[in-house]
Structure formats: C-alpha cells, structure tokens
Enquirer: 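Questions regarding the structure given below will be posed in turn.
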Amino acid sequence: GLRLLEQEQFDLVILDLKMPGVDVVEFMRRLRGLKRRPEVLVVSGYATLENAVEVVKLGAFDVAQKPCLSGDLLPRVEHILARHREPVVAYIRANFATIKSREEVADHFHICSETVSNRIDHCTGQSFHGFLESCRVQEAQRLLAETGLEVKEIAGRLGFKQPQSFSRMFKRLTRRSPSQYRREVHS
C-alpha cells in the first residue's frame with residue numbers, strides 16, 4: 001500500500017488499526033515522509049483511547065469505531081475529502097511556512113478575508129490562525145521525528161523568526177516541548 005502511495009496521489013487512506021502483517025503506527029510514520037500526504041481515517045473494532053490518541057498524533061484525521069455503518073462513515077469521509085478539495089485549504093497546506101496573514105491568502109485568491117475564514121471553518125472546523133498553526137505543527141512533528149534538525153532550524157523552516165515563538169506554539173498545541181516530542185517519538 002505504501003509503495004502505491006509513493007507512486008500516485010490519493011486524498012484519503014482508510015486504515016484498519018489491526019491489519020495482518022502491518023504495523024499501523026509505523027505505516028503512519030512512513031506516510032509522514034510523503035511529499036503529498038493523504039488524509040487518514042483509521043477504523044477499528046479494538047481501538048482504545050491510547051491507540052486513537054497515538055494515531056491522531058501521527059497525523060490521522062479521525063478514528064472510527066467498527067462496525068462502521070455507511071451512514072456513520074460517509075459524512076466523515078465527505079468532510080475529510082472537502083478539506084482536500086478546497087483551494088484555500090490546499091494553498092495554506094502548501095504554503096504555511098511563508099503565509100503571514102489571512103489577507104495575504106485572500107489577495108492570492110482575489111476574495112475577501114472573511115471568505116477565507118469561512119472556507120477554512122467550513123472545511124476544517126478551525127479558524128484561519130488555528131488551521132495555519134496546525135499545518136505548521138504537523139510539519140514540525142514530521143521534522144522532529146524524521147530528521148536531526150535543531151529546533152531553531154525547524155522554526156526557521158516553518159516561518160518563525162524566533163525559535164521561542166515556535167516552541168511556545170508547539171507546546172500550547174501538543175502539550176510538550178519540541179525536544180520532549182522528539183524524545184517520545186524516538187523512545
């Protein structure tokens with residue numbers, strides 16, 4: 001499955017937490033290395049809160065309990081796919097390190113800044129600033145897990161002039177410092 005994801009682009013991957021011969025946590029870690037990462041929905045009949053938290057930390061959008069009826073699963077899938085298809089959301093995901101303001105995004109699309117906020121809220125349930133921060137934190141988590149870059153360098157890559165500002169945001173959103181996160185991932 002991962003080989004196919006490396007060769008082609010997908011918007012959504014649905015994984016079962018207990019797949020024979022597949023470590024879903026390792027699969028999720030490897031997904032992080034893809035240039036264009038798909039959204040991930042994990043389904044499980046065995047999900048514990050600990051399992052769910054772990055796969056969400058690794059980038060899964062949601063965890064659904066099995067058995068999943070189509071009436072329960074379809075709205076989740078539609079919501080996830082809407083996030084990928086909205087151009088404003090896609091633009092922010094691709095340019096989060098350089099975006100400075102909502103107005104900058106609005107100017108790019110020739111729309112008003114309130115429309116930017118409305119589209120982001122509709123697709124993600126987050127504010128502009130919250131979504132921008134979550135994109136930055138996801139990339140920071142990937143860099144902390146997969147590289148030996150210093151926190152200062154990661155902060156710079158994500159558009160922060162001050163590493164302290166980056167560290168405060170990261171800790172506020174993940175409840176751990178970048179260094180603590182890196183130690184946990186590698187332990």
Enquirer: Is any side-chain heavy atom of I120 closer than 4.5 Å to one of L132?
Expert: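 Heavy-atom side-chain distance check fails, nothing below 4.5 Å.
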Enquirer: Taking 4.0 angstrom as the limit, do R157 and E139 come out as a salt bridge?
Expert: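 Salt bridge flag = no for E139 with R157.
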Enquirer: Are the side chains of F128 and V105 in contact, using a 4.5 Å heavy-atom criterion?
Expert: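 Counting from C-beta outward, V105 and F128 do come under 4.5 Å.
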Enquirer: Looking at OH of Y181 and OG1 of T174, how far apart are the two atoms once the value is rounded to the nearest 0.5 Å?
Expert: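 Nearest 0.5 Å value for the OH-OG1 distance: 8.5 Å.
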Enquirer: Given side chains that start at C-beta, do those of I111 and R119 come closer than 4.5 Å, heavy atoms only?
Expert: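 Yes, at least one pair of side-chain atoms sits under 4.5 Å.
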Enquirer: OG of S167 to NZ of K171: how many Å apart, nearest 0.5 Å?
Expert: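 Answer for the OG-NZ pair, S167 versus K171, is 9.5 Å.
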Enquirer: Would you say that H186 contacts L144 through its side chain, given a criterion of any heavy-atom pair below 4.5 Å between the two side chains?
Expert: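 Side-chain contact under 4.5 Å: no.
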Enquirer: Heavy-atom count around E150 CD within 6.0 Å, excluding the residue itself: above 12?
Expert: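 At most 12 heavy atoms, drawn from other residues, nucleotides or ligands, come within 6.0 Å of this atom.
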Enquirer: Kindly compute the distance separating NZ (K152) from CD (Q164), expressed to the nearest 0.5 Å.
Expert: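 The NZ atom of K152 sits 10.0 Å away from the CD atom of Q164.
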Enquirer: Mind checking whether H108 and I99 have side chains closer than 4.5 Å, heavy atoms only?
Expert: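 No, their side chains stay 4.5 Å or more apart.
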Enquirer: Closest heavy-atom contact between T147 and R182?
Expert: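 Nearest heavy atoms, T147 then R182: O-NH2, 3.1 Å.
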Enquirer: Which pair of non-hydrogen atoms, one from S134 and one from Q126, has the smallest distance, and what is that distance?
Expert: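 That closest heavy-atom pairing would be OG-OE1, 3.5 Å.
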Enquirer: Determine whether more than 12 heavy atoms belonging to other residues, nucleotides or ligands lie under 6.0 Å from atom CZ of R172.
Expert: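 More than 12 heavy atoms, drawn from other residues, nucleotides or ligands, come within 6.0 Å of this atom.
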Enquirer: Shortest non-hydrogen contact from R102 to S117?
Expert: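 Minimum heavy-atom contact is NH1-OG, 2.8 Å.
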Enquirer: Does atom NZ of K161 have more than 12 heavy-atom neighbours from other groups under 6.0 Å away?
Expert: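 At most 12 heavy atoms, drawn from other residues, nucleotides or ligands, come within 6.0 Å of this atom.
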Enquirer: Quick check: closest heavy atoms across F166 and A155, and the distance to 0.1 Å?
Expert: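 Answer, listing the atom of F166 first, then A155: CB-CB, 3.6 Å.
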Enquirer: Nearest 0.5 Å please: distance from the CD1 atom of I154 over to the CZ atom of R142.
Expert: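 CZ of R142 is found 9.5 Å from CD1 of I154.
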Enquirer: In Å and rounded to the nearest 0.5 Å, what is the CZ to SG distance from R93 to C135?
Expert: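 R93 atom CZ to C135 atom SG measures 5.5 Å (nearest 0.5 Å).
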Enquirer: For Q180 and R176, indicate whether the former's side chain and the latter's backbone hold a donor-acceptor pair under 3.5 Å.
Expert: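 Not at all, since once roles are kept as given, no pair shorter than 3.5 Å links the two residues.
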Enquirer: If only atom types and distance count, is the side chain of N95 paired as donor or acceptor with the main-chain N or O of Y91 below 3.5 Å?
Expert: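 Here the side-chain-to-backbone pair exists.
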Enquirer: Between R136 and F160, is NZ or CZ placed under 6.0 angstrom from the six-membered ring centre and within 45° of the ring axis?
Expert: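 Pair R136/F160 counts as cation-pi.
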Enquirer: State, yes or no, whether a side-chain contact exists between F170 and V151 at a heavy-atom distance under 4.5 Å.
Expert: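 No - every pair of side-chain heavy atoms lies 4.5 Å or more apart.
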